[in-house]
Amino acid sequence: MTTSEHGHDGAYKWIALSNTTIGILMATINSSILLIALPDIFRGIQIDPLAPENTSYFLWILTGFMLVTSVLVVSLGRVGDMFGRVRMYNLGFAIFTVFSILLAVTWMHGTAAAWWLIVMRIGQGVGGAFLFANSSAIITDAFPENERGFALGINGVAAIGGSFLGLLVGGLLAPVEWHLVFLVSVPFGLFGTVWAYLKLRDNGVRTHARIDWAGNISFGVGLIAILTGIVYGLQPYGGHTMGWTKPFVLVCLFGGLAVLIGFVVIEVRSADPMFRLELFRHRGFTMGSLTALLAALARGGLQFMLIIWLQGIWLPLHGYSFEKTPLWAGIYMIPLTVGFLLAGPMAGRLADRYGARPFATLGLVFTAVAFLLFDLIPINFNYWGFAAILLLMGLSMGLFAAPNTSAVMNTLPASQRGAGAGMLTTFQNSASVLSIGVFFTVIALGLASSLPDAMFHGLTGQGVDPAKAHELANLPPIGSLFAAFLGFNPTEQLLGPDTLNSLPQDRADFLTGHTFFPNLISGPFGDGLHLAFGFAAIACVIAAVLSWLRGRDAPHARQSLRAEAAEGLAGVGELAAMEDGAGSPLPGAPSSSAEPAQSA
């Protein structure tokens, strides 16, 4: 049987890789682009994000995309196994593009606009779930085993690096016109949808089975309940700093856990289960999935903490106005993205040649080191030291991501790659939402312990009436945290014009200037930040141990560098011929159907 019959021909595999990389890059940029763009979006729809009654809008716009992808990705991966991964992937591209257009044409204001954005972001998340669920399986079908690490490395860089590129894109576009934040993905979506429909083909093994409705419904209800509980647990309740004691939150968390336990029972007894529990009998799949979950748990809240650190404290202390901090936060975090772009493909290629375990494990160890280094530098740091740690973080995460994904995908039977890829993505996305809850809770508790006293003395020291200062000092600290995250200076809004007008002009200017609020929260924020980074470092160390315990990789056939270069050039030639309409390799081009040459 020829290589093309296996679906591993030299031209098609690059088409599959490039199309799925565009799709994943588009989806992940959109998953994070709002982190920087939210201040301009809320100004555009004329909603105050710091008002207590609007907190839920802020949280749902922020997390709705991740929540829906976490819930649907396993089910849609399983559907791809049954009805064709390319067909489901193409549908996802189209859905994502339609909802991007609907977001870009938002014309309403106030709460109607907020609800429109939430619902449309959820719809966009459905399209993203189709893309996430099937892209890794399409690549795995298209590439031979000894090249999958490199291919999945490119895709993995798009998946993780895109989440950081979104910060820069959002910072650049939102100040110009907030609608551009959603419009930017439309041309890529239209091009990718048409290209995927015309060029991608199903090479995977179809699994003829019935849809596991009981499993799908119980899994969706359980996971939605838990993630909803996490979202509302971040909001103050009954005089408490956070809402973890709120009855609704407790019902969501424990009720969701009970439903997920029932889901496991259903899957064990199902003839055609959605969640292939037998995959966990393979140590490589189990350890790789747990490792990905812990890495996402450590990494998921990192963006939030770094953005708060930069926007709320460091940039204002260095003379940047609060309105400009979202853009500059994205710019100053570029070293993190550069590290991903450098390490991802290289790590994937090295994992193909020498095995995934050492590179994935080393990446996690260096990630833990980076978290500890963040824990050691002062709140008002020297940027070049901060940039060096960001670069180390990006390199180490890139070193982990591609080898781990490749190792997990290589453990999966051909008929279950969609379901397995969906399970892996669910672990990562769910852990990212949980990470946001953990990081915000740890930081908020740190603020609650020392911010009220610091705020009271800071305000009264500038002549604010003690009664007013006491009132503001006892507001839930999560509001100050959200303000720092959104690049707002809340002092002017909290004090109000009457209080500010009653103060001498120099004191009013100082209270609403660049330094008062950052200096006020820097100490309490630093206390919580130490705990958050310590937690992330511990999670990475545990993940590194599990990564090493995955066992050795199966030996791969290795090519010499000359053979790899020749095959790559032949693949480029074949791709160029196909795109020019020839539909076949160039005359005289080397055949890509030969098996890889063994290295000496």
Side-chain angles (χ1 to χ4, degrees), residues 26 28-51 53-66 99-122 124 162-187 303-304 306-316 319-334 337 436 479-493 512 514 517-518:
M26 182 183 68
T28 52
I29 285 177
N30 275 271
S31 71
S32 65
I33 198 168
L34 296 191
L35 298 183
I36 294 292
L38 270 178
D40 292 289
I41 291 174
F42 274 106
R43 291 189 192 100
I45 64 175
Q46 299 172 10
I47 276 191
D48 176 14
L50 303 182
E53 64 272 16
N54 294 334
T55 303
S56 59
Y57 299 141
F58 161 72
L59 289 171
W60 277 112
I61 291 175
L62 201 60
T63 61
F65 184 94
M66 288 186 290
F99 281 99
S100 296
I101 294 172
L102 293 174
L103 282 163
V105 300
T106 302
W107 68 96
M108 297 168 284
H109 297 91
T111 56
W115 278 112
W116 172 267
L117 291 176
I118 290 170
V119 174
M120 295 304 105
R121 281 284 286 175
I122 289 174
Q124 198 181 48
S163 65
F164 290 99
L165 284 173
L167 305 179
L168 181 60
V169 174
L172 290 172
L173 295 181
V176 178
E177 167 56 55
W178 68 268
H179 290 88
L180 294 176
V181 171
F182 303 113
L183 187 63
V184 67
S185 63
V186 172
Q303 290 176 324
F304 291 86
L306 294 180
I307 290 170
I308 292 171
W309 197 350
L310 288 170
Q311 291 184 187
I313 300 174
W314 193 84
L315 286 168
Y320 293 85
S321 67
F322 280 86
E323 291 76 17
K324 294 182 179 179
T325 56
L327 169 61
W328 284 101
I331 293 173
Y332 277 116
M333 287 177 65
I334 285 178
T337 304
I436 293 168
S480 297
L481 197 60
F482 287 161
F485 174 72
L486 291 167
F488 278 83
N489 183 353
T491 311
E492 182 175 0
Q493 178 180 334
T512 58
H514 293 171
F517 179 66

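Quantities reported herein were computed from a predicted structural model and do not represent experimental measurements. For this chain, numbers begin at 1 and follow the sequence in order.
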Roughly how far, to the nearest 0.5 Å, is CG of L306 from CD of Q311? 11.0 Å
Side chain to side chain contact (heavy atoms under 4.5 Å, CB included) between I45 and M108, intermediate numbers included: CA-CA 7 Å; I45 64 175; M108 297 168 284; over 6 Å; no
Which heavy atom in V181 sits nearest to a heavy atom in A37, and how many Å separate them? CG2-CB, 3.7 Å
If you take all heavy atoms of N30 and R121, which pair is closest and at what distance? O-NH1, 2.7 Å
Table please: side-chain donor-acceptor pairs of residues 171-178 below 3.5 Å, with sequence neighbours left out.
from : atom 1 : to   : atom 2 : distance (Å)
E177 : OE2    : H179 : N      : 3.2
E177 : OE2    : H179 : ND1    : 2.5

Sequence neighbours excluded, the answer for side-chain contact (heavy atoms from CB on, under 4.5 Å) partners of I331 is L168, L327, W328, I334
Y332 and W314: aromatic ring centres closer than 6.0 Å? yes
Taking side-chain contact (heavy atoms from CB on, under 4.5 Å) as the test, write out the residues that go with T337, two or more places apart. F164, L165, L341
Residues in ring pair (Phe, Tyr, Trp, His ring centres under 6.0 Å) contact with F58, at least two apart in sequence or another chain: F482, F485
Do I436 and M66 touch side chain to side chain, with heavy atoms closer than 4.5 Å? yes
Shortest non-hydrogen contact from H514 toward S321: NE2-CA, 3.7 Å
Kindly give the heavy-atom pair with the smallest separation between L310 and A329, and that separation in Å. CD1-O, 3.9 Å
Which pair of heavy atoms, one from G162 and one from S32, lies closest together, and at what distance? O-OG, 3.8 Å
Between L34 and F182, is a side chain to side chain contact (heavy atoms under 4.5 Å, CB included) present by the stated rule, with each step listed? CA-CA 9 Å; L34 296 191; F182 303 113; 3.8 Å; yes
Taking only distance into account, with no hydrogens and no angle test, what donor-acceptor pairs under 3.5 Å do side-chain atoms of residues 109-118 form with protein atoms, sequence neighbours excluded?
from : atom 1 : to   : atom 2 : distance (Å)
W116 : NE1    : L102 : O      : 3.2
W116 : NE1    : T106 : OG1    : 3.2

Counterpart residues, side chain to side chain donor-acceptor pair (under 3.5 Å), relative to S100 (two or more places apart): Q124, S185
Decide yes or no on side chain to side chain contact (heavy atoms under 4.5 Å, CB included) for V184 and L180, but give the supporting numbers first. CA-CA 6 Å; V184 67; L180 294 176; 5.8 Å; no
